[in-house]
Amino acid sequence: MKIAVLSGKGGAGKTLVAVNMAAASKNAVYIDCDVEEPNGHLFFKPEGLYTQNVVVKTPELNPSKCNGCRKCIDFCRFNALAYIGEKIKVFDEVCHSCGGCILLCPQKAMLERDRVIGRIETGISHNVKVITGILNTGEASGVPIIRRMLDSISEEDTFIIDCPPGSACVVMESIKDADFCILVAESTIFGAHNLAMVYELVGLFDKPFAAVLNKYTDDDNPSELFCSKKHIPVLAKIPFDKELGELNSNAIIAVREKREYKLLFEELLAKVYQEVRP
Amino acid sequence: MGLIEAMSVVKIYKGRIEEMKIAIPVEDKAMESRVCISFGRTPFFLIYDTETNSSVFLENSAAGSQGGAGIKAAQIIVDSGANAIITPRCGENAAAVLKAANIKLYKTVNDIIADNIKAFNEGTLSLLNEIHAGFHGGHL
Ligand code: SF4
Ligand code: SF4
């Protein structure tokens with residue numbers, strides 16, 4: 001079972017929910033796809049880490065073969081190539097490694113070379129296997145790292161996928177194979193706005209999903225209103241609670257600390273299982 | 001600086017470099033239009049020839065690019081044969097293209113085209129030093 005946890009903006013409680021869900025299950029694999037700013041590992045403090053580099057294929061010019069026809073430049077829709085002083089310059093960080101220019105060059109002047117764009121760290125934290133994707137700063141796209149992490153997924157375990165915030169292609173890559181999506185939203189107008197954003201995104205994928213409302217109070221709740229309007233089931237309401245906030249800001253996993261949170265997240269997990277396999 | 005002196009500065013320039021073409025990102029295809037605040041996303045580039053005082057407006061086909069707009073826009077400048085660009089801002093990738101092509105980067109004095117050309121001719125423009133980080137989260 002693969003459960004993707006997402007939110008429109010960072011700071012809505014996405015990592016809180018993902019980390020605690022993983023900690024509340026018997027055995028889980030937590031995958032941090034927020035590769036630009038992974039912070040799940042700060043909570044889990046995984047041990048026995050091992051690291052793999054993630055490489056992508058990047059073009060490199062063999063200047064003696066290039067005749068300056070510029071076909072490669074016109075082709076590259078990411079504008080990663082420029083022609084200056086009778087040479088092609090490749091902007092590595094802008095290149096998306098589609099390989100197109102290498103295939104297309106009539107002179108076979110583009111060679112392929114491996115380039116490290118980031119790494120994957122894997123470790124253990126009690127009942128949770130923690131997999132963290134880390135994109136090197138300045139790199140354009142974390143998609144290759146996310147793809148590599150999710151390729152290693154098997155069917156049996158519970159996988160909690162902590163998605164990047166927003167709705168860019170890294171998010172789509174992260175939820176592509178998920179069985180269920182959890183949209184985390186704060187209980188404010190901004191929260192509702194961000195919720196609407198991810199709501200549209202999961203709609204594109206035709207996946208079962210539900211919401212979790214964070215910092216829940218009895219006051220007016222624009223996010224809850226949005227859910228009832230759109231008939232989005234709300235699977236959990238995480239109370240606005242000072243203690244939880246403190247645990248969270250000290251990177252402590254609430255589920256491992258307090259029984260009431262253990263129950264809350266166990267119940268959330270049970271409900272997700274209900275939704276997927278009734 | 002008096003007019004005669006200013007003209008002699010231009011002459012020195014002319015003596016040194018036969019043809020001087022400067023590029024400026026502009027809002028519209030007219031000399032009365034304003035300098036555009038964005039380099040990569042500007043709708044047009046003015047290519048001004050200080051030798052002949054002639055101006056050509058090039059459409060910036062990079063303006064609608066999803067990513068790498070700066071690189072593509074810089075390519076347009078390189079291909080135009082300009083020797084210098086006067087712009088309020090420039091991203092690091094675009095600057096890399098321009099510098100590799102030996103195109104000098106100057107900072108605009110204000111958003112009025114004529115003022116910037118005048119300042120260029122008088123040699124009072126300063127080089128553009130702050131180059132902003134080019135590619136952060138802008139892609140889809
Ligand atoms: S397509 Fe090949 S030959 Fe043509 S400019 Fe690009 S690298 Fe050079
Ligand atoms: S591999 Fe694709 S993205 Fe990279 S430079 Fe070539 S065409 Fe552009």
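So that the names make sense, note that chain A is the first sequence line, chain B the second, and so on, each numbered from 1.
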Of all heavy-atom pairs linking A/Ala82 and B/Gln75, the shortest is CA-OE1, 3.1 Å
Please determine whether a side-chain nitrogen of the Lys or Arg among A/Asp74 and B/Lys72 lies less than 4.0 Å from a carboxylate oxygen of the Asp or Glu. no
Has A/Glu37 got more than 12 heavy atoms of other residues, nucleotides or ligands less than 6.0 Å from its CD? no
Tell me, for B/Asn102 versus chain A, whether the close heavy atoms (under 4.5 Å) come from the side chain, the backbone, both or neither. neither
Of the backbone (N, CA, C, O) and the side chain (C-beta and beyond), which part of A/Phe91 lies under 4.5 Å from a heavy atom of chain B, both, or neither? side chain
Above 12 or not: heavy atoms from other molecules or residues under 6.0 Å from NZ of A/Lys2? yes
NZ (B/Lys29) with more than 12 external heavy atoms under 6.0 Å: no
Minimum heavy-atom distance A/Val94-B/Asn93, with the two atoms named: CG2-ND2, 3.4 Å
State, with a plain yes or no, whether a side-chain heavy atom of A/Arg70 is found less than 4.5 Å away from one of B/Asp79. yes
If one checks every heavy atom of B/Val97 against chain A at 4.5 Å, the contacting part turns out to be both
More than 12 heavy atoms of other groups within 6.0 Å of A/Asp206 CG: no
Between A/Ile73 and chain B, with a heavy-atom cut-off of 4.5 Å, which part of the residue counts as in contact: side chain, backbone, both or neither? side chain
Is there a side-chain contact between A/Glu93 and B/Glu92, using heavy atoms and a 4.5 Å cut-off? no
When you measure from the side chain of A/Asn79 to the backbone of B/Ser65, do you find a donor-acceptor pair of N or O atoms at a distance under 3.5 Å? no
Where on B/Ala74 is there a heavy atom nearer than 4.5 Å to chain A: the side chain, the backbone, both, or neither? neither
